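Read the structure below first, then the notes.
Numbering of ligands and ligand atoms starts at 1, following listing order. Predicted, not measured: the structure shown is a model, and the values here were computed from it.
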Amino acid sequence: MAPSETKAFLQEEQHIDSVHQANGVTKPVAAAGGRTGEQVWDTKTQQYHAGQDWTVLEKFIEDYSVTTNALGTPWKAKEAAKRAIDRCDHYPPANQEPGKSSLAKFIWPEAYQQYVGHLLLGNGASELIDLITHLAPRGTWKPGPFPTQYKEYERSAKNYNYKLLAPDSPEKANIICLVNPCNPTGDYLTISEVKQWIESNVLPGGFVLVDESMQPWHSPDFRKDSLISQRSYIEDLYKTTGISVFVIHSWTKLWSCCGLRLGSVICPTAEDHAQKLKSIQVPWSVNMSALAFLDSAANDMEYLEETWKITPLWRQHTVDKIKEMFPSWECHGRDFTSWIWVDTNSAEVAKEAVRLSQSVGMPVRSGTPGYQHHTYIRVAVRNPDLLPTLLNAWKPLLNFNN
Ligand SMILES: Cc1ncc(COP(=O)(O)O)c(C=O)c1O
């Protein structure tokens, strides 16, 4: 959200709060002082994710805790989503069109008609991760080779009673999951490394989930470096070994629309996979606004050109400023990614950095909940104009031994 929009949003929220109060309705969490997003989750039951602080902090300026696009939501797509609300007295189209075909054209500009049947949209990638894990052959589950990764894959695997293997286990598994580039570590494998990883880690007949949500940031040539360009490899692998490779995208990051919920999966085949997933998917899980949003965003090349130009510049600026202030902190991740995985080298410093960021309404993500990387924080790439406020809030950290 741009700062001016945040202000308008908070004013609107205050207005809604006062209407609620007049009607005797209380807003239990947001009104409570000193609470953080961590407390919004029922962490005994739910998997913790970032991006909740904004709902509870008394002061909120910008969300540095999520990996959404620093440019904010594409305005044309947002307008399309708003217009779609006018038709909310109707059901969304069950075939997910025209959003689905627009996304297919975006993914395969030259061959979308050939592959649109392999594509399924979901209520965020999270819905699809769960559906595919449900469909996969039961047995063992293994994450990608990096020390930690996005946790929804593991949550689903636990729910469906897979035996969890460590990322470095030499054992091949029935279902393997790779987040590439890896959120949060920022590690990235090339296509040939991904293929090597697949072939060394999955059992014949197994499922492979490759999450490329952050890969389109790569460059205007992102398709060439992605599994979306590897249709023949994926089809041959299925024919010869029964191994099913699914390519997953959360579009809530690239197009900064987490609140709308939008994800997709490219299945290895239309008949054996996409149709099966469709048969177990709850109907209308992608609502009208999200479909209209997608139809517009997938055609907005201007926004993407700007994303490819601006993100690495703003990212480098953020890294430089952090290093200038805290020379011992280590900044990880590829230069095109929309976040920085920062090792402060001290659990105490990391904890305090999180607290201080919340105190100025600019929450960063702690590396502790879920990831268990206690000395790390994840910092989103954001407009450099906002950075001095965050760095200023971190000044007390200079008193620690950095
Ligand atoms: C790598 C990755 N995949 C998938 C998701 C799921 O996102 P959503 O359900 O919002 O599409 C996320 C969210 O943080 C993510 O980081």
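- Under the 30°/60° scheme for interplanar angles, the aromatic rings of Phe246 and His273 are found to stand perpendicular.
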Check against side-chain contact (heavy atoms from CB on, under 4.5 Å), Asn180 and Gln215: CA-CA 7 Å; Asn180 194 44; Gln215 200 278 340; 5.7 Å; no
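- Under the ring pair (Phe, Tyr, Trp, His ring centres under 6.0 Å) rule, Phe336 has a single partner from Tyr188, Trp314, Trp217, which is Tyr188.
- Listed by chain and number, Gly124, Ala125, Ser126, Tyr150, Val179, Asn183, Asp211, Ser213, Met214, Ser250, Thr252, Lys253, Arg261, Leu262 each place a non-hydrogen atom less than 4.0 angstrom from ligand 1.
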Sequence neighbours left out, cut at 3.5 Å: what donor-acceptor pairs do the side chains of residues 111-121 make with other protein atoms?
none

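- Taking the six-membered ring for Trp and thresholds of 30 and 60 degrees, Tyr376 and His332 have ring planes inclined between 30 and 60 degrees apart.
- Ring planes of Tyr150 and Tyr153: perpendicular class, angle over 60° (limits at 30 and 60°).
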